[in-house]
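What follows is one structure encoded as structure tokens, with my remarks underneath.
Letters A, B, ... are given to chains in the order of the sequence lines, protein chains preceding strands, and every chain is numbered from 1. Atom set for the values below is all heavy atoms of this structure, side chains included, hydrogens, waters and symmetry mates excluded.
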Amino acid sequence: MLIAFQRIMRSGWEKFARDKSSSGAALFIMVIVLSVVTMLFFLQGAASFMIQSLQESVDISTYVKDTASAEEVAQLKAELESIPEVREVRYVSKEQALERFVEAHKQDEVVLESLEIVGQNPLLASLSIKAFDAARYPEISAFLQNTPLASIVSNVDYFDRAPVISRLSRLVAGIQSSVFLVTLLAGFIAVLVAFNTIRLTIYSSRDEIEIMRLVGASNWFIRGPFIIQGMIVGVSATFIVTLLFFPLTLFLGLKLQTFASGFNLFQYFTANLLWILLLQFAVGIGLGVLSSLIAIRRYLKV
Amino acid sequence: MIVFEKVSKIYPPDSAALQDISFHITEGEFVSLVGKSGAGKSTLLELFLREKFPSVGTVFFQGENVHQIPDSRLPEFRRKVGVVFQDYKLLPHKTAYENIAYVMEVMGAREQDIVRDVSEVLEIVGLLERAHHYPAQLSGGERQRVAIARALIHRPDVICADEPTGNLDPYHTRDIIGLLVKINELGTTIILATHNKEVINRLGKRVITLDEGRMVRDEERGKFMI
């Protein structure tokens, strides 16, 4: 058993090393397929990053009446934080609001003069709320209207910003489904191309398979070396693609950063290297082995 | 040892490659199958090797119906038969040595036995010095000698040679037939399919003549007569 296994392994390696035309063709296609798979992984990462930055740019504020006590505001903040959809709640005091207002309008003398005329701080304290998903803001606003502490709420600015937020939610959903479709389609095409290439290389070996059968080789003794060859192609392609993507992502990372809202491809690649390697190994070896198994089946029948 | 009983092979709708073939080959015989191209020689060998199934009739090998051997025992059956083809059918990415050793490897032979037996058989066929050449680096005659070495390395009970000299010049033809005779003298049954008149006439052994799929003669010391 062990001898047979060793012989199958050696035979598979010899097939890979000596049958250069079919190994070369399979390796070339596998490198392309794994590059496509890796790029699809990047696409998913870039899309998630963009969606996250879009969602982070959105928040709603609920303004608290001057009459509200510090305990009431703290209680409202705690209640908001307990909602699972809420990611973060930040308290902005009247003083901080004024500081920000002055900073934002420091060039506008009319506004500053008006503030002086008013003589006191006209701004309200507020709670700035960020949700995990922009589509959840209507529910959070509804909560603020119906909570027993609604009496301390002066205004929720969601209703002014609703159109922008809903457009953003649609944009996010659009990006998500487009990326999913592109991944599915490109992945399917890549797998199909790899499968057919391996089928063709085995088709070109059909005479060899016939000879092996005629000299009394068992099906596993025939199939084994092809499977080992497929595995070697998958592993080699993984290493080639990983080595190629280091300089490529380093070069493209800087160029794309400005277009992709700060998404750094190289950092993403190195941070997820383990996952990418696992994905490439799984796709490369899985495709190599599976397509060899399926393709060789028909030549083993007689 | 080998029995063909009323065997016919008909390709649909009604093209008969073999019709009503019956004969018996005993152990240690040297039998030549002769006939024009398309007479049915190769089909007959393919039926014996279970590459094809007969439309009618039965083929027995050592008392067992060849076409009822379960798939799981097919490799075992084929290891009892050595095959030599006109186009050599060598594995192109293995050297002469590895092509011969492959047969012993599939049988699970030990490495030291493989080294010993392959070197021995390479010496018999006169190719010891070309052992590490690939088929593409060998001449036609050398390739056929590798194929014969491969067919006899595992000491099969019978060797089927389908037009083994079809691609060879007269010198190499004599060489190959001489080898087959030598193997037969050591006790292995030989079935030789050929349309080479000179080979048959010089052999002076049993000849089964086929014509358009029918067996027209079966003579103990036959001559080439078509």
N/O donor-acceptor pair under 3.5 Å between B/Arg79 side chain and A/Gly216 backbone: yes
More than 12 heavy atoms of other groups within 6.0 Å of A/Phe281 CZ: yes
Interatomic spacing from CZ in B/Arg110 to CD1 in A/Ile3 - rounded to 0.5 Å: 8.5 Å
More than 12 heavy atoms of other groups within 6.0 Å of B/Glu27 CD: no
Neighbour count above 12 (heavy atom, 6.0 Å) for B/Lys80 NZ: yes
Shortest non-hydrogen separation from B/Val83 to A/Leu214 and the atoms involved: CG2-O, 4.3 Å
Separation between CZ of B/Arg150 and CD1 of A/Ile211, rounded to the nearest 0.5 Å: 6.0 Å
B/His93 versus A/Arg18, closest heavy-atom pair with distance: O-NH1, 2.8 Å
Region of B/Lys94 in contact with chain A, defined by heavy-atom distances below 4.5 Å: both
A/Ala4 versus chain B, the contacting section by heavy-atom distance below 4.5 Å: neither
B/Glu129, CD atom: more than 12 neighbouring heavy atoms under 6.0 Å: no
Residues, nucleotides or ligands: over 12 heavy atoms within 6.0 Å of B/Phe60 CZ: yes
Enclosure of A/Arg199 CZ (heavy-atom neighbours >12, cutoff 6.0 Å): no
Residues B/Lys89, A/Glu208; criterion salt bridge (Lys or Arg N to Asp or Glu O under 4.0 Å); working and verdict: CA-CA 8 Å; B/Lys89 291 204 191 297; A/Glu208 260 178 85; over 6 Å; no
Interatomic spacing from CD in B/Glu105 to CD1 in A/Ile8 - rounded to 0.5 Å: 10.5 Å
Contacting region of B/Phe85 [heavy-atom separation from chain A under 4.5 Å]: side chain
Distance (rounded to the nearest 0.5 Å) between A/Asp19 CG and B/Leu91 CG: 11.5 Å
Audit row: A/Arg10, B/Glu98, salt bridge (Lys or Arg N to Asp or Glu O under 4.0 Å) steps and yes/no: CA-CA 12 Å; A/Arg10 193 185 60 206; B/Glu98 290 165 345; over 6 Å; no
Other residues, nucleotides, ligands: >12 heavy atoms within 6.0 Å of B/Tyr11 OH: yes
Proximity breakdown for B/Ala109 and chain A, heavy-atom pairs closer than 4.5 Å: backbone
Atom CZ of A/Phe132 with >12 non-hydrogen neighbours under 6.0 angstrom: yes
